[in-house]
Trainee: 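Before we start, here is the structure in question, set down as structure tokens.
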Amino acid sequence: MSVIVTDTGFAEDDWAGPVADLTSDADPAGLAALLEAPLVRVAFPGFADGRGFTLAARLRRLGYRGRLRAAGHVIADQYAMARRAGFDEVEIDAALSARQPEDQWLARADWRAGDYRARLRGA
Amino acid sequence: MYDYNDFDRDFVARRVAQFRAQVARRIDGSLTEEEFRPLRLMNGLYLQLHAYMLRVAIPYGTLNSAQMRQLAMIAERWDRGYGHFTTRQNIQFNWPRLVDVPDILDALAEVGLHAIQTSGNTIRNVTADPFAGAAADEIADPRPVAELIRQWSTDHPEFQFLPRKFKIAVTGSPADRAVTAAHDIGLRIIERDGARHYQVLIGGGLGRAPMIGKVLHEALPEADLLPYLEAVVGTWNLLGRRDNKYKARIKITVHEQGIDRIRTLVQEEFERIRPDFPGFDRQILAQIEHHFAPPRFARKSVVAYEAARAADPVFRAWADTNLTEHRDPDHAIVTVSLKKHGAIPGDATAAQMRLLADLAKAHGHDELRITQSQNVVLPHVHKADLPAIHAVLRGAGLATANIGLASDIIACPGLDYCALATARSIPVAQGIARAIEALKIEHEVGALEIKISGCINACGHHHVGHIGILGLERGGVETYQVTLGGDAGPDAALGDRTGPGFAYDQIVPAIERLILAYLDLRAHAEERFVDAYRRLGADPFKAALYGAAEKADAA
Ligand code: HEM
Ligand code: SF4
């Protein structure tokens, strides 16, 4: 069973609607076609593959307002980056959620604090 | 100088706490070794040949006396009493223990220093002209914008897991002492229509497949900088190759995609990002600029300086070699050589660091700089104070008059410390410096940049040395390849390979032959080595290196 991580901690996946899946090597020219999707899920095949962060930021800049999920090998230390880049939530598998339990993710639920880029934007 | 505000202090404190927790989570198994590695690297901690190595950022090469004293304290308390200043305006401690590292980071934070993004696939410590704010030839001080970029790039959410490392350098002077053309992004402050702009270069880099940066934007308006940088790095983050780490740097992306296509993609993304920065960054930049207001320069007589010049030939030689013209005619920029003949280039002991801190406090408006050629600068010294400074430096073995000369060699740590090394570089530098000293020809030879790397990664900048030396391993023995005619200045150029390499015990004599041949070949005493090379071409220099016989064979 996969676990959905948000600022309030771990939860089960409550989503029953359609999912638009995006691979990390997706051509950014195709992002505009996803703007009406209710949920876009960006794959992280490995935690060192940082393309998903830029894809999320670009989707948001294009005006995407739906639910945005990072899924796969995202580690707790990346939770703040994911939220700042525009993701609402992270989907991880049971094994990762056991190895990095809820408290390690909640430790970065304060992702709004200490954000240089946001400060420079005046956000 | 920039002082941390509450935001910066809070950020660094949080970051140290996070790293402390990451070390603990590595130990309890929450983080795998593979996961811990980039987290450790983005906090400046390497695993090297003999021990961990901690790389501390000296932002744009500027530090004050309290920061320098803290580096001395760290060197003594947690290392072996010295540190190594690098070509990227960092200091490396070669012997810290992992358990001590969070405490070292705390000690750094106390004085507004950190090791964040000095390694890893992140935007690295931004480098700048070491004479910033002092040089007579400057258009604008590059440090405020370098600090702005530091803030923007620090923990940038999109750019912590890039395809590879990413280095940005800024110069505010046409003399370009920041080697901008050898960086992933090089920024050159220029004036256009009475307003400040940036010429933006991308895709420079050394290492394997060295390349000189190409112009991406001729004149970027100042206010567009951060969104434009974000567009460049984001475009590369998506396009850069992740299948082969040797092809991951932006120089390869530019080479494969072409600069024109990159320019189009960047421009499109820039236009989307631009509204994200409505101008608060400009307000913050204005505050930062305030921190870098020039010091109040003293007005006093320079008679003592002129008298010392006339009376003391040792002082005169040092003044002629180690001083650079300051924006205020009664002041000078002092470059303190960490290259005493036979010393390890870039190493400084804790005692030397304290002495330099004291001098900066007493005579230098509390400012110090680290240069790309691994020396230390006192940027604002009144000429009247120079004789006293020289006397103190002399007493500490820091008064070598060799800045810009043959023994002012850049050398990477090489096999003495580095896990990636294929050859020694420090002893080669020491050997060349000693040979030059023995011949007593250094001042006659004049400006000559020798740069040595201990492997193809080129940390010693050998490609842009007038004489570059690359140490490789061939069949279990060290061999040294020579390149000639490289240039690290505004008209940056990569050197040409001369031919077969030299064995470890042959490289120093070979360089000696090269230098002696130059003395015979030059048109006049003012013609620098690199100019003579450009005028005459490689042949006479190759003849000096390999002898006439070899040349005949090759013909
Ligand atoms: C001892 C530990 C060090 C390690 C493991 C290391 C590793 C590397 C590697 C792998 C590269 C090649 C990157 C590439 O081509 O993509 C590189 C480049 C470079 N490093 Fe180091 N380095 C070390 C120390 C230093 C030191 C001491 C300096 C300064 C003296 C330095 C400055 C540079 C510079 C200027 C480059 C080339 C510029 C570029 O990235 O294109 N490094 N380093
Ligand atoms: S050039 Fe090679 S040997 Fe020298 S420091 Fe860099 S990686 Fe190490």
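Computed over heavy atoms, backbone and side chain alike; hydrogens, waters and symmetry mates excluded.
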Trainee: Taking B:Gln283, B:Gln160, B:Gln18 one by one, which has the highest count of heavy-atom pairs under 4.5 Å against chain A?
Mentor: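 The answer is B:Gln18.
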Trainee: Report the C-alpha separation of B:Ile273 and A:Arg58 in whole Å, then their side-chain angles, then the decisive distance to 0.1 Å, and conclude whether the side-chain contact (heavy atoms from CB on, under 4.5 Å) test is met.
Mentor: CA-CA 9 Å; B:Ile273 300 175; A:Arg58 289 199 174 194; over 6 Å; no
Trainee: Could A:Asp7 and A:Arg83 be called an ion pair, given the rule that one side-chain N must be under 4.0 Å from one carboxylate O?
Mentor: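 Yes.
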Trainee: What part of B:Leu31 lies closer than 4.5 angstrom to a heavy atom of chain A: side chain, backbone, both or neither?
Mentor: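 It is both, since atoms from each part get that close.
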Trainee: Examine whether an atom of B:Gln151 lies under 4.5 Å from a heavy atom of chain A, and if so say whether it belongs to the side chain, the backbone or both; otherwise answer neither.
Mentor: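 The answer is both parts of B:Gln151.
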Trainee: Are A:Arg121 and B:Glu230 close enough for a salt bridge, meaning some N to O gap below 4.0 Å?
Mentor: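 No, no charged N to carboxylate O under 4.0 Å.
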Trainee: Which bit of B:Thr32 comes within less than 4.5 Å of chain A, counting heavy atoms only: side chain, backbone, both or neither?
Mentor: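 Contact with chain A involves both backbone and side-chain atoms of B:Thr32.
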Trainee: Mind ranking B:Glu35, B:Arg282, B:Glu268, B:Arg14 by heavy-atom pairs under 4.5 Å with chain A and telling me who comes out on top?
Mentor: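 Of the options given, most contacts go to B:Glu35.
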Trainee: Measure across B:Arg164 and B:Ala248 and return the closest heavy-atom pair with its distance rounded to 0.1 Å.
Mentor: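 Scanning both residues, the minimum pair turns out to be CB-CB, 3.8 Å.
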Trainee: For B:Phe161 and A:Phe47, which heavy atoms make the closest approach, and how far apart are they?
Mentor: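 Looking at all heavy atoms of both residues, the shortest contact is CD2-O, 3.7 Å.
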Trainee: Checking heavy atoms, do the side chain of B:Asp8, its backbone, both or neither come under 4.5 Å from chain A?
Mentor: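 It is both, since atoms from each part get that close.
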Trainee: Considering non-hydrogen atoms only, spot the tightest contact between A:Val74 and A:Trp105 and give its length.
Mentor: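 Of all heavy-atom pairs spanning A:Val74 and A:Trp105, the closest is O-CH2, 3.2 Å.
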Trainee: Looking at every non-hydrogen atom in both residues, tell me the closest pair between B:Val56 and B:His114 and how far apart they are.
Mentor: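 B:Val56 and B:His114 have their closest heavy atoms at CG1-O, 3.5 Å.
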Trainee: Look at B:Arg272 together with B:Glu269 and state whether they make a salt bridge at an N to O cut-off of under 4.0 Å.
Mentor: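 Yes, B:Arg272 and B:Glu269 are salt-bridged.
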Trainee: So which of B:Leu238, B:Asp281, B:Ile284 has the largest heavy-atom pair count under 4.5 angstrom toward chain A?
Mentor: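 The option with the most such pairs is B:Leu238.
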Trainee: Most heavy-atom pairs under 4.5 angstrom with chain A, which of B:Trp152, B:Phe7, B:Phe159, B:Phe11?
Mentor: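 Among the listed options, the one with the most contacts to chain A is B:Phe7.
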Trainee: When you check the gap from the basic side-chain N to the acidic O, do B:Glu256 and B:Lys247 get nearer than 4.0 Å?
Mentor: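 A salt bridge is absent here (no side-chain N lies under 4.0 Å from a carboxylate O).
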Trainee: Ion pair present between A:Asp77 and A:Arg108, side-chain N to carboxylate O less than 4.0 angstrom?
Mentor: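 So A:Asp77 does not pair with A:Arg108 through a salt bridge.
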Trainee: What parts of residues 23-44 of chain A touch chain B if we use heavy atoms and a cut-off under 4.5 Å?
Mentor: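 Interface residues of residues 23-44 of chain A: A:Pro28.
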Trainee: Is A:Arg119 paired with A:Asp115 through a side-chain N to carboxylate O contact shorter than 4.0 Å?
Mentor: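 A salt bridge is absent here (no side-chain N lies under 4.0 Å from a carboxylate O).
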Trainee: Which region of B:Arg150, side chain (C-beta onward) or backbone (N, CA, C, O), has a non-hydrogen atom less than 4.5 Å from a non-hydrogen atom of chain A, or is it both or neither?
Mentor: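 Answer is side chain: those atoms of B:Arg150 sit under 4.5 Å from chain A.
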Trainee: Using a strict cut-off of less than 4.0 Å between a Lys/Arg side-chain nitrogen and an Asp/Glu carboxylate oxygen, indicate whether A:Arg60 and B:Asp276 qualify as a salt bridge.
Mentor: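 Salt bridge between A:Arg60 and B:Asp276, a charged N being under 4.0 Å from a carboxylate O: no.
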Trainee: With no hydrogens and no angle check, do the side chains of B:Tyr46 and B:Arg55 hold a donor and an acceptor under 3.5 Å apart?
Mentor: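 Result is yes, a qualifying pair exists.
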Trainee: What heavy-atom pair brings A:Ala113 and A:Arg84 nearest, and what distance separates the two atoms?
Mentor: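 Closest approach of A:Ala113 to A:Arg84, heavy atoms only: O-NH2, 3.0 Å.
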Trainee: If you measure from the Lys or Arg side-chain nitrogens to the Asp or Glu carboxylate oxygens, is any gap between A:Arg117 and B:Glu158 under 4.0 Å?
Mentor: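 No, no charged N to carboxylate O under 4.0 Å.
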Trainee: With only heavy atoms counted, which part of B:Arg25 is less than 4.5 Å from chain A, the side chain, the backbone, both or neither?
Mentor: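 Contact with chain A involves the side chain of B:Arg25 alone.
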Trainee: Could you tell me which portion of A:Arg61 (side chain, backbone, both or neither) has an atom closer than 4.5 angstrom to a non-hydrogen atom of chain B?
Mentor: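 Contact with chain B involves the side chain of A:Arg61 alone.
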Trainee: Can you pull out the residues in residues 9-22 of chain A with any heavy atom less than 4.5 Å from chain B?
Mentor: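 Within residues 9-22 of chain A, no residue comes under 4.5 Å of chain B, counting heavy atoms only.
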